[in-house]
K.L.:
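Take a look at the following structure, please.
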Amino acid sequence: MRKFNHMEAMFLPTDQGMIKIFIYGFQSIGSWGQVIAQLEDVTVNTKGYSRRKTIVRSLTQLHQMLVKKNDL
């Protein structure tokens, strides 16, 4: 795995806890990056070329996993 020199963190407060989003890469236009979203014990790892779309995709996957977890 490649090491990234650039990392950003976003924190979103919710009723269930704090959503932590870690963003690696996306330094120049067209370069790929990685987004890790986590809420308590559920973690999603997503890679892509578009920073905004990758963040939205990771949050969507996190939401789907939480809904599936609560249905059980």
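Computed from a predicted model, the values in this text were never measured in an experiment. When a residue number appears, it is its place in the shown sequence, counting from 1.
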K.L.:
Roughly how far apart are M7 CE and I23 CD1, rounded to 0.5 Å?
P.N.:
9.5 Å
K.L.:
Indicate if M18 and M10 have the same hydrophobic cluster label, given that clusters are the connected sets of ILVMFWY residues with side-chain heavy-atom separations under 4.5 angstrom.
P.N.:
no
K.L.:
Regarding Q61 and T46, is there a side-chain donor-to-acceptor distance under 3.5 Å anywhere?
P.N.:
yes
K.L.:
Run Q34 and I36 through side-chain contact (heavy atoms from CB on, under 4.5 Å) and show every step you take.
P.N.:
CA-CA 7 Å; Q34 179 178 3; I36 299 171; 4.1 Å; yes
K.L.:
To the nearest 0.5 Å, what is the distance between NZ on K69 and CG on D41?
P.N.:
3.5 Å
K.L.:
Just how far is it from atom CD of E8 to atom CZ of F22, taken to the nearest 0.5 Å?
P.N.:
12.0 Å
K.L.:
Atom CD1 of I21 and atom CZ of F11: how far apart are they, to the nearest 0.5 Å?
P.N.:
9.5 Å
K.L.:
Can you name the residues that form a side-chain contact (heavy atoms from CB on, under 4.5 Å) with E40, not counting sequence neighbours?
P.N.:
none
K.L.:
Assess whether side-chain contact (heavy atoms from CB on, under 4.5 Å) is satisfied between L59 and V44, documenting all intermediate values.
P.N.:
CA-CA 8 Å; L59 289 173; V44 175; over 6 Å; no
K.L.:
Quick one: pull up CZ in F26 and OG1 in T54 and give me the separation to the nearest 0.5 Å.
P.N.:
4.0 Å
K.L.:
Measuring from H63:NE2 to T60:OG1, what's the distance to the nearest 0.5 Å?
P.N.:
8.5 Å
K.L.:
Kindly give the heavy-atom pair with the smallest separation between V35 and S58, and that separation in Å.
P.N.:
CG1-OG, 3.3 Å
K.L.:
Quick one: do I55 and L12 end up in the same hydrophobic cluster if we chain Ile, Leu, Val, Met, Phe, Trp and Tyr together by side-chain heavy atoms under 4.5 Å apart?
P.N.:
yes
